[in-house]
Structure formats: structure tokens, C-alpha cells
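Each residue takes its place number in the sequence, starting with 1. All ligand and atom numbering here is 1-based and tracks the order in the structure.
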Amino acid sequence: MRHVVTGGAGFIGSHLIDRLMSTGANKVVCIDNLQTGSKKNIEKWLGNPRFELVEHDVREPFHVEADQVWHLACPASPEQYQKDPIGTAETCFLGTLNTLSIAHRCKARLLFTSTSEIYGDPLVSPQQEGYLGNVNCTGPRACYDEGKRIAETLVFDHARMHGTSVAVARIFNTYGPRMSSSDGRVVTNFISQAIQGKPLTMYGDGLQTRSFCYCSDLVEGLVALMNSGHKGPMNLGNPDEITIRRLARIIRDLVNTQAGLTNKAKPEDDPQRRKPDITVARKMLEWQPVISLENGLKETIADIKAQLETKQVLTKVS
Ligand code: UDP
């Protein structure tokens with residue numbers, strides 16, 4: 001089986017590649033422009049005859065043979081995707097169109113990784129797939145939220161117009177090793193700050209909620225969806241909802257630090273509540289997350305410690 005993974009050098013993409021390569025018979029082509037991904041995430045596969053890295057921006061057309069296409073390429077952290085919002089919107093639209101063309105030409109099945117952001121700042125909780133969302137189309141998050149929404153549209157129209165085999169996963173907040181310590185998201189910010197004994201930056205009153213899924217759980221869900229006959233859209237995430245304030249407390253306890261909290265303004269359009277309803281995935285894929293937040297955070301803390309130590313060594317050398 002030949003797999004193409006766009007965004008394969010990213011956080012989730014690289015864990016997916018590990019999973020695909022682990023079966024021994026698969027070939028994997030990773031397409032990544034290394035905008036937010038890193039060669040380090042996939043370095044153990046470089047030189048393996050079953051693996052190829054193609055440094056390419058999916059906004060430009062490309063050609064590659066595939067049996068299954070996993071389309072993940074896109075910056076996903078709010079801080080990262082807002083750095084070049086037009087670029088993010090282009091990646092969502094052009095990147096998805098170009099990747100769909102490959103799947104169609106190869107008669108491959110394509111799995112598109114959409115996001116809980118398509119629900120915007122939801123007025124209902126938990127969010128079911130049938131909820132149409134509450135997105136501000138002119139706000140700073142729109143490049144990503146609306147980008148992913150139009151990308152879902154392209155995926156479904158490709159299936160209707162050309163018969164392309166597709167699946168759409170709506171990924172909720174996911175965390176784990178290989179998230180960059182400087183990507184700006186809450187888990188990585190809090191852990192990096194706690195390790196360095198700095199106050200944890202809480203945006204707003206910290207009563208907004210998220211539901212955090214460990215990366216290996218998410219990857220199992222993606223694989224199950226790809227290998228099912230289902231189109232989706234299907235929520236994939238961990239339904240255990242916690243406040244950001246509570247997350248800060250848990251991370252401070254696990255890192256064992258006295259670091260305090262510092263308040264910062266809540267970003268515009270920051271969703272107040274986010275919790276996936278995963279009834280569909282449970283029923284259709286017999287899938288559900290199994291890793292506890294505490295165990296997942298322990299792994300993530302160890303990884304971020306290692307990242308920060310490497311940075312320190314590099315700073316000393318230079
Ligand atoms: N957040 C925070 N401190 C930080 C980073 C984020 O309080 O240093 C909050 C942010 O306002 C949001 C939640 O944590 O309510 C999750 O933010 P993140 O950027 O991780 O991802 P999102 O779920 O918003 O895409």
C-alpha cells in the first residue's frame with residue numbers, strides 16, 4: 001500500500017507516519033514544506049527505502065502515486081495560522097483541491113483532516129456533526145475556520161462530481177510529544193512556562209473549556225476512519241472537557257512547580273466551550289480515546305523538557 005501524507009513532518013502527521021511505517025509493508029511519501037513541521041519529527045525514516053520526503057508546498061500542484069491519501073497539511077495553532085492568514089486560506093483551498101486531484105487521478109481514498117474550529121464559538125455543547133456552527137467570517141480565526149469549511153465543501157463536491165472516495169475527520173484539540181514548545185498553544189505554553197518556573201499565561205478568566213485528546217488515540221481514530229467505508233464528517237477527539245484554569249493546575253502539579261498564573265486578554269473569537277460528541281465514531285468505528293490526560297501530559301512534559309534542554313545547549317554553543 002502506497003500512502004501519501006501531506007503535512008507528514010508535522011505533529012500529528014509524523015505520528016501517523018510512524019503508525020503507517022510500523023506495519024512493514026507500507027510505503028509512505030511525506031509531502032511537507034516544513035513551514036510548521038520539522039525534519040526532526042521524521043528523521044528516523046530518512047534513508048529508509050519505504051519512505052520518501054518531498055519538500056513541497058501543497059498550494060502548488062504536484063504529482064505522486066498513491067493508494068491512500070492523508071491530507072493534513074496546514075498550520076493548526078492559532079498563533080501560527082494567523083501569521084500569514086491569506087497563506088492559510090490558500091493552503092486550505094488550493095492545497096485541498098490539489099490533493100483531491102491526486103486522489104481522483106490515482107483512484108485513491110482521501111482522508112481530509114478538518115477541525116473542531118469549523119464549529120466556531122459553538123452555541124451548543126457538546127458539538128455533534130450535525131451542528132452547523134457559529135463562525136465569524138471576518139475575524140482573525142476565519143482564515144482557518146472558513147478555510148477548513150470551504151475545504152470540507154471541496155471534498156464533498158469532489159465526491160459528488162467525480163466519485164472520489166473521501167472521508168472527513170473533524171479533529172478536536174490534540175496534544176502529545178513533538179508539538180513544538182514554541183507553537184503558542186495552551187498545552188505547550190503552560191508546560192514550557194511551568195518547566196522554566198515562569199507564570200502560566202492564562203487568557204481571559206480561564207473558564208473557557210477544551211477537551212484534550214492524546215496523539216496516539218487520535219491516530220488510531222484516523223486509521224479506523226480511513227479503513228472504513230464512511231465519509232463523515234466525523235468528530236475525533238476526547239470528550240473529557242476541562243477548563244483552562246484546571247489544565248493550568250494539573251500541569252503545575254505534574255511539573256511540580258510553584259509557578260503562578262498571569263492573566264492576559266482573551267483572544268478575539270476564542271471559543272468559550274469545546275467538547276466533541278463522539279457517538280458517531282464510537283458506533284461506526286468502535287473507536288474511543290483510552291489515554292488519560294495525566295498519562296498523556298507526562299509524556300508531553302518529558303518531550304518538552306528535552307526540547308528546551310536542546311535549545312539551551314544550542315544557545316550556549318552559539
Ligand atoms: N490559552 C491560554 N494561554 C495560552 C494559550 C492559550 O489561556 O498561553 C487558551 C486560549 O485562549 C484558548 C485555549 O487556551 O481558550 C486553547 O487555546 P489553543 O491556542 O491551545 O487552541 P484552540 O483550542 O484555541 O485552537
Ligand 1: protein N/O within less than 3.5 Å of ligand N/O:
unit_1: ligand 1; atom_1: 3 (N); unit_2: T201; atom_2: O; d: 2.6
unit_1: ligand 1; atom_1: 7 (O); unit_2: Y203; atom_2: N; d: 2.8
unit_1: ligand 1; atom_1: 8 (O); unit_2: N189; atom_2: ND2; d: 2.8
unit_1: ligand 1; atom_1: 8 (O); unit_2: T201; atom_2: O; d: 3.3
unit_1: ligand 1; atom_1: 8 (O); unit_2: T201; atom_2: OG1; d: 2.9
unit_1: ligand 1; atom_1: 8 (O); unit_2: Y203; atom_2: OH; d: 3.4
unit_1: ligand 1; atom_1: 11 (O); unit_2: D270; atom_2: OD2; d: 2.4
unit_1: ligand 1; atom_1: 15 (O); unit_2: Q208; atom_2: NE2; d: 3.1
unit_1: ligand 1; atom_1: 15 (O); unit_2: R210; atom_2: NH2; d: 3.3
unit_1: ligand 1; atom_1: 15 (O); unit_2: D270; atom_2: OD1; d: 2.7
unit_1: ligand 1; atom_1: 15 (O); unit_2: D270; atom_2: OD2; d: 3.2
unit_1: ligand 1; atom_1: 20 (O); unit_2: V186; atom_2: N; d: 2.8
unit_1: ligand 1; atom_1: 23 (O); unit_2: N173; atom_2: ND2; d: 2.8
unit_1: ligand 1; atom_1: 23 (O); unit_2: R210; atom_2: NE; d: 2.6
unit_1: ligand 1; atom_1: 23 (O); unit_2: R274; atom_2: NH1; d: 2.8
unit_1: ligand 1; atom_1: 24 (O); unit_2: R141; atom_2: NH2; d: 2.9
unit_1: ligand 1; atom_1: 24 (O); unit_2: R210; atom_2: NH2; d: 3.1
unit_1: ligand 1; atom_1: 25 (O); unit_2: E117; atom_2: OE2; d: 3.4
unit_1: ligand 1; atom_1: 25 (O); unit_2: R141; atom_2: NH2; d: 3.3

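- Checked for salt-bridge contact, E309 and K305 miss the test: no charged N lies under 4.0 Å from a carboxylate O.
- Salt bridge status for D121 with R141: absent, with no side-chain N to carboxylate O gap under 4.0 Å.
- With hydrogens and angles left out, the side-chain atoms of T36 and Q80 include no donor and acceptor closer than 3.5 Å.
- With respect to the salt-bridge test (charged N to carboxylate O, under 4.0 angstrom), the residues K27 and E52 do not qualify.
- Exactly one of I304, N41, D303, I301 qualifies for a side-chain contact (heavy atoms from CB on, under 4.5 Å) with P177. That residue is D303.
- To the nearest 0.5 Å, atoms CG (D183) and CZ (F11) are separated by 9.0 Å.
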